[in-house]
Amino acid sequence: MSAPYLEIKGLKKTYNLKPILRGIDIVLDQGKCMALLGANGAGKTTLLRILACLTKPVAGTAGIGGLDIGQDVQQVRLLVGFVGHQPNLYDELTGLENLLFFGRMYAVKNARERAVTLLQQVGLARRSNERVGTLSRGQLQRLSLARALLHSPRLLLLDEPDAGLDDEGIELLEALIREHTGQGGTTLFSTHNFERAVKYSDQICMLSGGRVVYHQVSNDLEAGSVRLAYEEALR
């Protein structure tokens, strides 16, 4: 039986006194994948950034693998792989050099071998020695996924990871998520695509106005019913 890997209780966040998250409660078991849905400004990105230890909540708690994001920041960061709206890569370095740099940062064993394998997985083996500044948006997204997976994180946090990807890239994304969860990893990703939300995930969580307004197991859901629930939440 799976055990809870991510536990969020009463999480709140404000920016300039404006509430962004208004008390989020989420539990996600090890080896499971959750899709986050919500309109722009619903709090999805803020929630993911808090879990990645890139910003702090004003109230509430979040535990990852039994560690507290407020008290065990360095240990939590080793457990998390994060892909945000910015690629977090160095334009003047090649794709391979970027991965080797992050490999040293995370003390990855056999970093070069791991980097080469990931570049092949994301379809960038032939571009690995080209400067990142020359890559397309979709290629940057692929490289960002490789960077996030480099240190074999236990929790993947993906903020609209399908953005900029072509059909081949979308298939690759699905394969990477399934491989990660199949190996016991946990995944939380945001998307605006209802079909992918249902297809990739075990659970769907919907945010509106900084609150959880919908939370269902994905097994018996169809994209159409999720879309209706989304439209209802926006009214």
Q: Check side-chain contact (heavy atoms from CB on, under 4.5 Å) between A125 and all other residues, then give those that pass, not counting sequence neighbours.
A: Q120
**Q.** Donor-acceptor side-chain pairing of D202 and S218 below 3.5 angstrom
**A.** no
Q) Between H192 and D162, does any side-chain donor sit less than 3.5 Å from a side-chain acceptor? A) no
Report yes or no: does [X] contribute a side-chain atom to a donor-acceptor pair with the main-chain N or O of [Y] at less than 3.5 Å?
X	Y	answer
K12	P57	no
D159	V83	no
T46	G43	no
K44	A39	yes
D68	Q71	yes
S201	A197	yes
R22	G209	yes
R114	L149	yes
T94	N129	no
H215	M206	no

Q | Ion pair K199/E195, N-O distance below 4.0 Å | A | no
Between side-chain atoms of residues 104-111 and protein atoms elsewhere (two or more places apart, or another chain), which donor-acceptor pairs fall under 3.5 Å?
none

Q | Distance (rounded to the nearest 0.5 Å) between Y230 OH and I204 CD1 | A | 13.0 Å
Q) Roughly how far, to the nearest 0.5 Å, is OG of S136 from CZ of R142? A) 8.0 Å
Q: Report yes if the side chains of L89 and S144 come closer than 4.5 Å at any heavy-atom pair, otherwise no.
A: yes
Q | Contacts of type side-chain hydrogen bond (donor to acceptor under 3.5 Å, both in side chains), residue T187, not counting sequence neighbours | A | none
Q: Under the side-chain contact (heavy atoms from CB on, under 4.5 Å) rule, what do I50 and I8 come out as? Steps first, then yes or no, please.
A: CA-CA 11 Å; I50 288 174; I8 303 170; over 6 Å; no
